[in-house]
Number of protein chains: 2
Amino acid sequence: MELSDRKKKILQIVVDDYIDTAVPVSSKAISEKYMQNVSSATIRAELSALEELGYLTQLHTSSGRVPSAEAYKLYVSDLMVKEHLSKKELDYIKEIFLQKADNIENVFKNAVKVISELSGYTSVAISPTAVEDKLKEIRFFRFREDKALVLIVTELKLLKDNYIDIPKEMTDAQLEEANAFINKLFKEKSFEEICDMEVDFNDSFSGYKTIFVNVIDALKAYFSAKEDSKLMIDGQDKILRHADYLDVDRIKEFLEVVTSKDKLLDILTEDNRALKINVKIGSDGYEKLPKDSSLVSATYTVAGKKIGTYGVIGPSRMDYQKVVAVLENVGRILESILADK
Amino acid sequence: MELSDRKKKILQIVVDDYIDTAVPVSSKAISEKYMQNVSSATIRAELSALEELGYLTQLHTSSGRVPSAEAYKLYVSDLMVKEHLSKKELDYIKEIFLQKADNIENVFKNAVKVISELSGYTSVAISPTAVEDKLKEIRFFRFREDKALVLIVTELKLLKDNYIDIPKEMTDAQLEEANAFINKLFKEKSFEEICDMEVDFNDSFSGYKTIFVNVIDALKAYFSAKEDSKLMIDGQDKILRHADYLDVDRIKEFLEVVTSKDKLLDILTEDNRALKINVKIGSDGYEKLPKDSSLVSATYTVAGKKIGTYGVIGPSRMDYQKVVAVLENVGRILESILADK
DNA sequence: ATTAGCACTCGGGTGCTTAGAGTGCTAACA
DNA sequence: TGTTAGCACTCTAAGCACCCGAGTGCTAAT
């Protein structure tokens, strides 16, 4: 059922005011502060209807109204007036991204930091799904007689170190040769292609096969790992600045989610539909989120490839205007930085 | 002034009991639970004296006694009965260190994780001061015409990626040559030695000098950086399991310190005397620590070289017996692992 | 030196009251 | 038919008086 214009306006007012003041919104407050042309009694009837429809709730009979999860979702998708960042804020974003933007790992870190700083909430991100990535170069460095460091460089310029065992009897020259061989073989290939590869080692030095298998294992570990480097968090302590987390139990619940990489990864990857801005609310089907907490996330792409999902996690009563503005702007700059790489 | 044996015993009882129960300790409780041979009145006199000496405080006239910072320090250095870890716990430590112990970064991570898990508190660590480290190998990988990835491998097997600019007109072969040249020059050298180095470039390709300068810059960035990789934290959320952090302000203060790498680094590096186990208490000269919080740390060495400072941060009312036992055992295993590398 | 006894203090919990905010409902009005 | 003023009702939060119990310090006796 479509809401009347006045209901929409009132709902917007309630959400705006509640986000701003954290105080349940009363009919009187609405008519005095925002709608002087109608009386509180009229607003009361409307509020009552909106409550009936599931958009508002009351803490107790004699309290004002508070938005429901449903209301927040509608607010972000429909009602909210989009905010523009100030020049100062935009400059700040640019300034941060200018520093050490040469390494994708740093770009990633910077993005999370900027989002957290500007929004004032805890921010999280997952890096691009490595599966779409392609190998650029593999290089071995022998350490001890039976160990080598494997450096993996990929198109996305992610890189990772890993160790493999090598046969003791292999000479440095042979290792070099194996390296060159594997490099030629794997270059420009994606992970799947490499896994499917069949190679005939019959006529070469037997150690090559060992190395080949070990390298594949290292690659598997790299590409499939739900690893630290894939998840980034910043501003965990920001949560405490917000009046919503007053009792220890809520903070506890929040920190448990935020410090658990597994949970966060699950939530962030969960049904990322094609929507540009995604809002998930703890009380609303997303049980892994802390109660009454929201996750606002956006997935960025360059030339059709996902380059990461970035988000903000905080109270449902969150400054969505600012958060969405920050996510959109950071996304724009991020995409432009990565596009011309 | 030296305390009488009975005073020591009573102080120990107070600290033990308070750590255990979190309830201010009364004279009656002491005489009934721990010292049936003396009456509560006697204990009362002793408690009064200990308070006079600065070891105990009262929250209000009719409450039991609580240990002061001074008392905790004395407790750890003198009074505490050292605990032994159970076989299960020791096995757990060994088990964790067996996984992926090939990379020093992982050993580092594992140590912090083990300490946090076993002690039940937030744990922090700083990696070895890189200054004492020596270069093992430097390798360039050209990316675009004017960029190269520099991989730095050091004796401590730390490694780090960095990008440098290279002159466009330089050919791949020339880059290779430059790489080999720099490698020979820097190998086995410490950071200071490299910085002091004077090289004559007059008779060689002009681009070499550019590269040389850029590499030095990259090394400087690597060796001197107060960087993420140097500081490690685990179990931030553990703090909430402890009854001491009941009000939001204390949690706030705690998290602010724990999420601020700068503050933590400062505290951890601050006057690390030769003591094996170091106790710093927030209310006692260490203003950077949260109020009524303690940091227990130990610095580990292999063959005279510092290999890191590990610690636990939590309430002053901390289970020092367990924490010290964990730190000592992890230290022992850590040193043995790194010794035979 | 130790102890029993007692007066004193303070915090925390309970029960009561009151003020105020907000609602829902109804009857009157445009 | 939608809007409004008025009123009764409900619930919360804050203040206050009260008491209980735990713990201490002090003193006088052993």
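Note that the coordinates shown come from a computational prediction; the quantities given were computed from them, not determined experimentally. The analysis underlying the following values was restricted to heavy atoms, covering all of them including side chains, and did not include hydrogens, waters or symmetry mates. The chains referred to below are lettered A, B, ... by the order of the sequence lines, with proteins before strands, and numbering in each begins at 1.
The nucleotide whose nearest atom lies closest to any side-chain atom of A:Gln58 is, among D:dA5, C:dG24, C:dA4, C:dG24. Counting only heavy atoms from C-beta on, B:Ser62 has its side chain closest to C:dC10 among C:dC25, D:dG25, C:dC10. Closest to the side chain of B:Val38, out of C:dG11, C:dT3, D:dC11, is C:dT3.
Protein atom NZ of B:Lys28 is 16 Å distant from nucleotide atom C1' of C:dC6, rounded to whole Å. Protein atom CE of A:Met35 is 14 Å distant from nucleotide atom C1' of D:dG2, rounded to whole Å. Between A:Lys33 atom NZ and C:dG22 atom P there is a gap of 11 Å when expressed in whole angstrom units. Between the P atom of D:dA22 and the CZ atom of B:Arg65 lies a distance of 18 Å, rounded to the nearest Å.
A close approach under 4.0 Å does occur between a side-chain nitrogen or oxygen of B:Thr42 and OP1 or OP2 of C:dT3. The side chain of B:Arg6 contributes an N or O atom lying less than 4.0 Å from OP1 or OP2 of C:dT2. For B:Ser63 and D:dA22, the shortest distance from a side-chain N or O to OP1 or OP2 is not below 4.0 Å. For the OP1/OP2 pair of D:dT4 and a distance below 4.0 Å, the side-chain nitrogens and oxygens of A:Ser39 include at least one atom meeting the criterion.
More than 12 heavy atoms of other residues, nucleotides or ligands sit less than 6.0 Å from atom CD of B:Gln36.
Along DNA chain C, the nucleotide nearest to B:Ala41 and the one nearest to B:His60 differ in position, and the one closer to the 5' end is contacted by B:Ala41.
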For A:Tyr310 and A:Val124: C-alpha separation, side-chain torsions, deciding distance, then whether side-chain contact (heavy atoms from CB on, under 4.5 Å) applies. CA-CA 6 Å; A:Tyr310 293 74; A:Val124 293; over 6 Å; no
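Between A:Tyr121 and A:His242, the ring planes are parallel. Angles under 30° get that label, and only those over 60° would be called perpendicular.
Within the 4.0 angstrom heavy-atom criterion, no nucleotide atom of any strand lies near B:Ser40.
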